[in-house]
Asks: 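Let me begin by handing over the structure; questions about it come next.
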Amino acid sequence: MPTKQEIEVLKHIPTHFVELNQLSRKIDVDPSTLSSLVERLRSKGFVEIKKRSRVVWTWTERGKYYISHPLPERRLMDLLREGPLPLKRLKELMGDELEPALGVLKKEGLIKIEKGQAILLDYREELPWEKDLRQLEGEYLEYLRKRGLVERKRESSIYVRKIREAEEEDTIERLTPQILRDKSWKGKKFTSYNVREVPDKFFGSKHPYLEFLDIIRRELISMGFKEMEPNTPIIPHFWDLEVLFVPQDHPSADLGAADTFMVESPEYLPVKEEDLYKRVKEEHERFWGYKWDHNVAKRTVLRSHATVLSALTLRSPEIPGKYFTISRVYRPEQVDAKHLPEFNQLDGIVLDEKLTFSHLLGLLKEFAKVFTGTERVRFKSGYFPFTEPSVEMFVKHPELGWIEVGGAGIFREELLRPFNIEVPVIAWGLGLERFFMIRYGINDIRHLFTEDLSVLRSIPKVWRL
Amino acid sequence: MPTIRVNREDLMDIIGRDVDRETLESILFMLKTELEVWGEEIELSVDDSERPDLWSSEGIGRAVRTYITSEHPEYVVRPSSYEIKNERPSSRPIIMAAVVKNVRMDEEVLFQIIQLQEKIMMSYGRNRKRVAIGTSNADKISFPLTYKKGNPNISFVPLGEEREMTLEEILHYTEKGRQYAHLVREGYPIILDSKGRVVTFPPIINSNDIGRIDEHTKNIFIDVTGDDPRRVETALNVMVTALVERGGEVYEVKINGKSYPDLSFRPFEVDTSYMKRLGGTEDLTPLRRMGYRIEGNTVYYPPYRGDIRSQSDVLEDLLSSIDYNSIPLLQPDFYTKGSLHKETELINAVRDIMSSIGEELNTLTLTDPELYNRLSLPLYVKLSNPVSSTHSHLRSSLLPHLLRALSHNKTLPYPQSLFEVGEVYTPHREIRVAYVYASPSSTYTSAAQALLFLYRKLGREPSLTPSSHPLFIEGRTASTPEGIVGGIHPRVLEVFDIEVPVAAFEITLSAFLQ
């Protein structure tokens, strides 16, 4: 509750901002008392205060003399108006003011010195800096400052306004069940709250990146895609690469090259699909001309890309069919703003007798439209060991230029044959983290997996692409 | 994905005209190549690990020129008396070779030859295992040559060294020797000339005296060794045809009576119905832009293309020669019903319910064993080759991550109410949901109420049975068939330096799928 004195002052404070010194004069309370009263009213939420500071020019101690006296150059001009005078005489008349006066007038070209005499060349009624300081322009103020006559100071003023009335006697501060039951609120007023200041509180919410993935799934479903059967990422190397027709000695399949995480135990996993395993091995040895190593094929690894799920789907797909998956994949990467050892990939396949390369490109462009909102796409011939033809898609970003968003292709027949699939299969994959980061202006991939609430809370809800 | 450096002026000379950046980029796009750096020096990244013919100025220049003009050079192999006797050393039994004379050699050409040679051996040659290339000064070698298993005590001065070393010494004391010693365990293959001098010790190193080229070498002997005839031949033809772009004249080398290099264009019978069905065109003439010759349904591809194996390989070249960006776009026109997997539907339902009472986290599944040690919780899946110990195992529980999140957010106001739905590995994949409630007023009840709320919203009535668990306070812990709920023990809070009571639950969702 405000004190009587505070209530008294509050009555005089208007609801628009008023300067404190003016108020002090108006209500005749000395500025320091008023200032502390106003500060107390602010802490109780009755007034709002704002501080403004501005630049003011004032005379220096030395300059103050010239408020009521002519400047040295004026005195000298006046003395010389009647005719030339010897410098010696002028020194007697003007003392220390002579030097600055001579300097100023010489620079202005108004006098000359000849044979020890000062001669006035032209008389000026008013020099540009001979004005009230408030009317002087910056360059002349600066000129006088250099001469040590004026200086620049910061002056701050406090403005105050009322945001809430002082309560009358007998008001209700907090509404309680008791007050409601005994109806004692009748005929009383409620104290006003400071409705402007509310502390933060956070309620339940979904993770923004997962919401983004939800929307991607929603869009794919609207395009007729069915989500693939999820699967453990702990798989034999066979399902990570060989089944996709990547030869065991391919640079990206080389276990020693550390592109894949290996699991310590069990060191090897059996491939349940024995017939498939045999047929894949045969295709590899025939086509790539190397000797198949069971210890590589059966080595336990963490899946390194989501096309693994597409391959698993090929075991018993619906034809025609459209499938997608969003899966976590694992790669041995050092953690930094751009890399994590695990991330999500969107991968999919389309199977149908009548599919052509034009369908693949059409589908990719549709993804670009839906996911990035742009129609400006560019296709590059690409290379993936499991597709032929292969393509990479770039989309035009207004600031970042052409950015690569994904790769796709038609599965090689050498890959499909062991699955007994005879129709064309379009396969595509899109990166998700980078796309989300560009879309929402996030510059650190770690933010997508953060345990820091302030980072998460700073990202608004994602409800459309 | 090799990255190569070329000199712009030199490249334009090979192309035969000045091509602006935009045009060059759009042609390179159809050659699986991206322009990374543009200036006096150009940097290119070539996607295709099966196309070594694109990994040099000569190769890229030829491909761009052919793409523009549809004209491709003919190759002539001149007869000669050069011979190699191949005794088929067991570790790399195949050798193919050629001599190229009157190469317009200078520093840039030398750079390109070495760059191409290195990239082929590294990537296409699987780090010299399947292909190794030697380039020597043909004028210094006396033919005929013998390719054989060498005596370990035979010695020569290896490239870049000053003294003679035996083969054994080379493997021990030179950098290349140590790097590739594992490739010659079955015996040391060497090429000897008719004077008994070592020309090269593939795949390790050449002779410093006769097996060396520099910016003045005009006549070059190229040998390619390995275990795969297709790769060896492709590598040889790539090297030789690159030098033809530099004015080189190719001379045959007879190996056990057979003449190399074979620079004839290779025939391929095109299945035009396949092209029509998948590519929408039967017209093969655009393939000329990719260096093919067309005779009806038979196409002939250049001798440096070892990657043309299937109809799909020709299809890709056909579509690239048309340009992907001018192919009409179509949408699949059959009906399929889209749907979420039932596991995702359940996960989403749980997230919907939980997000009405808490903030959702999404943490990494790779975790730090130290975190689990401090909580006396087991981990089941350990990586053999982690990058760092903080991401060396797959998590077996979600709660350690939520508790760690609470410890990271100690400066933020309470209550804090967090949940996560995600995969854990025990070692089998399980989908779980976990919840923590941190507040001065947090008790067992806070988490148990949330658990009951979740179960009832999922249409289940849980039975709570008194239980115990290393994370929770004895007597304030209950279990359901699917999981555990309770007040977190102060001992655990101390580990995380959390100074506010926490209640929590973690349950597995598999049971709700049935």
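Given the structure is predicted, the values throughout are model-derived calculations rather than measurements. Chain A is the first sequence line, chain B the second, and so forth, proteins listed ahead of strands; every chain is numbered from 1. Side-chain atoms are counted along with the backbone in the values below, which use heavy atoms only and exclude waters and symmetry mates.
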Asks: For A:Ser454 and B:Asn409, work out which heavy atoms get closest and say how close.
Replies: N-OD1, 4.2 Å
Asks: With chain A, which of B:Leu394, B:Asp228, B:Leu28 has the greatest number of heavy-atom pairs at distances under 4.5 Å?
Replies: B:Leu394
Asks: Main chain of B:Thr365, side chain of A:Glu342: is a donor-acceptor contact present, judged purely on distance under 3.5 Å?
Replies: yes
Asks: Can you tell me which portion of B:Ser26 sits under 4.5 Å from chain A's heavy atoms? Options are side chain, backbone, both or neither.
Replies: both
Asks: Do A:Glu414 and B:Ser310 pair up side chain to side chain, a donor and an acceptor below 3.5 Å, judged on atom types alone?
Replies: yes
Asks: Would you compute the distance between atom OH of A:Tyr323 and atom OG of B:Ser339 and round it to the nearest 0.5 angstrom?
Replies: 9.0 Å
Asks: Using atom types as modelled and distance alone, determine if a side-chain donor or acceptor of B:Arg309 lies under 3.5 Å from a backbone N or O of A:Phe287.
Replies: yes
Asks: Side chain, backbone, both or neither: which part of B:Ser417 has a heavy atom under 4.5 Å from chain A?
Replies: neither
Asks: Hey, does B:Pro332 have a side-chain heavy atom less than 4.5 Å from the side chain of A:Lys322?
Replies: yes
Asks: Between B:Asp313 and A:Arg412, does the salt bridge (charged side-chain N to carboxylate O under 4.0 Å, His left out) criterion hold? Intermediate values first, please.
Replies: CA-CA 9 Å; B:Asp313 299 311; A:Arg412 296 193 72 106; 3.2 Å; yes
Asks: How far does CD of A:Glu318 sit from NZ of B:Lys337, to the nearest 0.5 angstrom?
Replies: 11.0 Å
Asks: B:Phe334 and A:Val350: which non-hydrogen atoms are nearest, and at how many Å?
Replies: CZ-CG1, 3.7 Å
Asks: Less than 4.5 Å to any heavy atom of chain B: does that hold for the side chain of A:Ile234, its backbone, both, or neither?
Replies: side chain
Asks: Say whether, by atom type as modelled, one donor and one acceptor occur between the side chain of B:Glu360 and the main chain of A:His207 under 3.5 angstrom.
Replies: yes
Asks: For B:His401, is it the side chain, the backbone, both or neither that has a heavy atom under 4.5 Å from a heavy atom of chain A?
Replies: both
Asks: Under 4.5 Å heavy-atom distance to chain A, tell me which part of B:Glu430 shows up: side chain, backbone, both or neither.
Replies: neither
Asks: Heavy-atom cut-off 4.5 Å, strictly under: side chain, backbone, both or neither for A:Leu456 against chain B?
Replies: side chain
Asks: Report yes if some heavy atom in the side chain of B:Tyr425 is under 4.5 Å from a heavy atom in the side chain of A:Pro233; otherwise report no.
Replies: yes
Asks: Considering non-hydrogen atoms only, spot the tightest contact between B:Met30 and A:Lys380 and give its length.
Replies: CE-CA, 4.1 Å
Asks: Give me the atom names and distance for the closest heavy-atom approach of B:Leu278 to A:Leu355.
Replies: CD2-O, 3.4 Å
Asks: Please classify the contact between B:Pro229 and chain A as side chain, backbone, both or neither, with a heavy-atom cut-off of under 4.5 Å.
Replies: neither
Asks: Any side-chain heavy atom of A:Glu267 sitting closer than 4.5 Å to one from B:Ser384?
Replies: no
Asks: Against chain A, work out which of B:Glu423, B:His428, B:Arg130, B:Glu50 has the most heavy-atom pairs shorter than 4.5 Å and name it.
Replies: B:Arg130
Asks: On a heavy-atom basis, which atom in A:Ser205 and which in B:Phe419 lie closest, and how many Å separate them?
Replies: O-CE2, 4.1 Å
Asks: Charged N to carboxylate O below 4.0 Å: is that the case for B:Glu359 and A:Arg457?
Replies: yes
Asks: Please report the interatomic distance OG1(A:Thr356) to CE(B:Met275), rounded to the nearest 0.5 Å.
Replies: 13.5 Å
Asks: Return yes if a side-chain donor-acceptor contact under 3.5 Å exists between B:His341 and A:Glu229, otherwise no.
Replies: yes
Asks: Side chain, backbone, both or neither: which part of B:Leu418 has a non-hydrogen atom closer than 4.5 Å to chain A?
Replies: side chain
Asks: Among B:Asp352, B:Ile357, B:Val381, who wins on heavy-atom pairs under 4.5 Å with chain A?
Replies: B:Asp352
Asks: Any chance the rings of B:Phe29 and A:Phe394 have centres within less than 6.0 Å?
Replies: yes
Asks: Under 4.0 Å between a Lys/Arg side-chain N and an Asp/Glu carboxylate O for A:Asp249 and B:Lys129?
Replies: no
Asks: Provide the closest heavy-atom pair for B:Ser312 versus A:Glu388 in the form atom of the first, atom of the second, distance.
Replies: O-CG, 3.3 Å
Asks: Counting only heavy atoms closer than 4.5 Å, note whether B:Tyr274 contacts chain A via side chain, backbone, both or neither.
Replies: side chain
Asks: With rounding to the nearest 0.5 Å, note down the distance linking NE2 in B:His391 to OH in A:Tyr330.
Replies: 11.5 Å
Asks: Quick one: of B:Thr390, B:Ile327, B:Leu366, B:Leu412, who has the most non-hydrogen atom pairs under 4.5 Å with chain A?
Replies: B:Leu366
Asks: Evaluate the criterion side-chain contact (heavy atoms from CB on, under 4.5 Å) for residue pair B:Asp227 and A:Tyr290; output intermediate values, then yes/no.
Replies: CA-CA 9 Å; B:Asp227 64 351; A:Tyr290 71 94; over 6 Å; no
Asks: For B:Asn362, is it the side chain, the backbone, both or neither that has a heavy atom under 4.5 Å from a heavy atom of chain A?
Replies: both
Asks: Under 4.5 Å heavy-atom distance to chain B, tell me which part of A:Asn231 shows up: side chain, backbone, both or neither.
Replies: backbone
Asks: Side chain from CB out, backbone as N, CA, C, O: work out which of these in A:Arg218 comes under 4.5 Å of a heavy atom of chain B, or both, or neither.
Replies: neither
Asks: Rounded to the nearest 0.5 Å, what separates atom CG in A:Leu210 from atom CZ in B:Arg351?
Replies: 5.0 Å
Asks: Measure from the side-chain N and O atoms of B:Lys32 to the backbone N and O of A:Gly382, and report whether any donor-acceptor pair falls under 3.5 Å.
Replies: yes
Asks: Before accepting this row, confirm whether a basic side-chain N of the pair B:Arg404/A:Glu451 lies closer than 4.0 Å to the acidic partner's carboxylate O.
Replies: yes
Asks: Side chain from CB out, backbone as N, CA, C, O: work out which of these in B:Leu361 comes under 4.5 Å of a heavy atom of chain A, or both, or neither.
Replies: both
Asks: Does B:Glu316 reach the main-chain N or O of A:Ser390 with its side chain, forming a donor-acceptor pair under 3.5 Å?
Replies: yes
Asks: I want to check something: taking the side chain as every heavy atom from C-beta on, are A:Val263 and B:Lys382 in contact at a cut-off of under 4.5 Å?
Replies: no
Asks: Where does B:Gln416 contact chain A at under 4.5 Å (heavy atoms): side chain, backbone, both or neither?
Replies: side chain
Asks: Relative to A:Tyr383, does B:Arg51 satisfy both conditions: NZ or CZ under 6.0 angstrom from the six-membered ring centre, and within 45 degrees of the ring's axis?
Replies: no
Asks: For the CG atom of B:Leu319 and the OG atom of A:Ser358, what is their distance to the nearest 0.5 Å?
Replies: 8.0 Å
Asks: Give a yes or no on whether the backbone of A:Arg378 and the side-chain of B:Asn325 come within a donor-acceptor separation of less than 3.5 Å.
Replies: no
Asks: Given that the side chain runs from C-beta out, which part of B:Leu402 has a heavy atom under 4.5 Å from chain A: side chain, backbone, both or neither?
Replies: neither
Asks: Which answer fits B:Asn127, side chain, backbone, both or neither, if we ask what part of it has an atom under 4.5 Å from a heavy atom of chain A?
Replies: neither
Asks: Picking from B:Leu406, B:Leu318, B:Thr344, which has the most non-hydrogen pairs under 4.5 angstrom with chain A?
Replies: B:Thr344
